[in-house]
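In what follows, a structure is listed as structure tokens, so that the remarks can point back to it.
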Amino acid sequence: MPELPEVETVRRALDARCRGKVVESVRVGRPTFYRRPPAAALRALTGGTVRGFSRRGKYLLLNLEGRPSVVFHLGMSGRLTVGGESPHVRLELTVGGELLRFHDSRRFGRVGCPLPELGPEPLDDAFDGAYLWKVLRGRRAPVKALIMDQRLVAGLGNIYATEALHAAGVRPGRAAGSLSRAEAAALARASREVLEAGVALGGATLDDESFLDPLGRPGRMQERVKVYGRKTCGTCGAAVLGTRRSIGGRASLYCPSCQR
Ligand SMILES: [Zn+2]
């Protein structure tokens, strides 16, 4: 599932491509597949000038002059592309003569949804060790589940949470409230570092996910992961283990040597 770095990669590509251009036409495809059919509102975008694309957590916003923003959530498999054929086009905008398409084969993506309540952006100053320690303190839930809770911090999913915990030396199944102030600070720092690396490398394109940017290019963050999707730890070579209990539906990987 696309996380902050993948959504930011999409945002940058579309912003560079579409900023200042006019939405010439809108075609809403297969409207029955929308959970929230926003067809009329989407057609009303015609004639609008693109101010740019912005991002909040894992949400992408298309901002237009004098019109409400359109919120996209890519879900599991949603993609926004410039050109590109797909049998699953949900929305097609002609912007400055180019076809901007939202397609989604698995239907978990959303267009035109309201933004939910979201915690701070992990790359902003408001997200630091003191903040993280405060929201983890006293909580018995696994630390990994909490840092993936978008209401506490917006943008971390399975890949980057797994990698941030590894970089901070903290096991994913630890009770959140058991982290010391120093561990919370290390985790906040590590979260920022892995997300910044992910953005710099254009996101992660792993075997079981199929992230590609709007021009069809894969990311390179998968070359840097230390435990996610690996059999051995990329730092020390120890065999990677999975938590006995699932967190968010599946076992969470960690290195028993690097993480306490
Ligand atoms: Zn290790």
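Counting starts at 1 for both ligands and their atoms, in listed order. Residues: numbered from 1 along the sequence shown. Everything numeric here is computed off the predicted structure, so don't read it as measured data.
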Does the salt bridge (Lys or Arg N to Asp or Glu O under 4.0 Å) test come out yes or no for K58 and E3, once each step is laid out? CA-CA 6 Å; K58 303 181 197 174; E3 304 178 31; 5.8 Å; no
Check step by step if side-chain hydrogen bond (donor to acceptor under 3.5 Å, both in side chains) holds for S178 and R174. CA-CA 7 Å; S178 75; R174 288 251 313 262; 2.9 Å; yes
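- Looking at E163, its side chain does come within 3.5 Å of a backbone N or O of V227 through a donor-acceptor pair.
- Taking distances strictly below 2.8 Å, the protein N/O/S atoms close to the Zn ion (ligand 1) are C233 SG, C236 SG, C255 SG, C258 SG.
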side-chain hydrogen bond (donor to acceptor under 3.5 Å, both in side chains) assessment of N63 paired with S69: CA-CA 5 Å; N63 305 307; S69 297; 2.6 Å; yes
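- At a cut-off of 3.5 Å, with distance as the only test, a side-chain donor of K144 or S252 sits close to an acceptor on the other residue.
- Aromatic pair F102/F72: centroids less than 6.0 angstrom apart.
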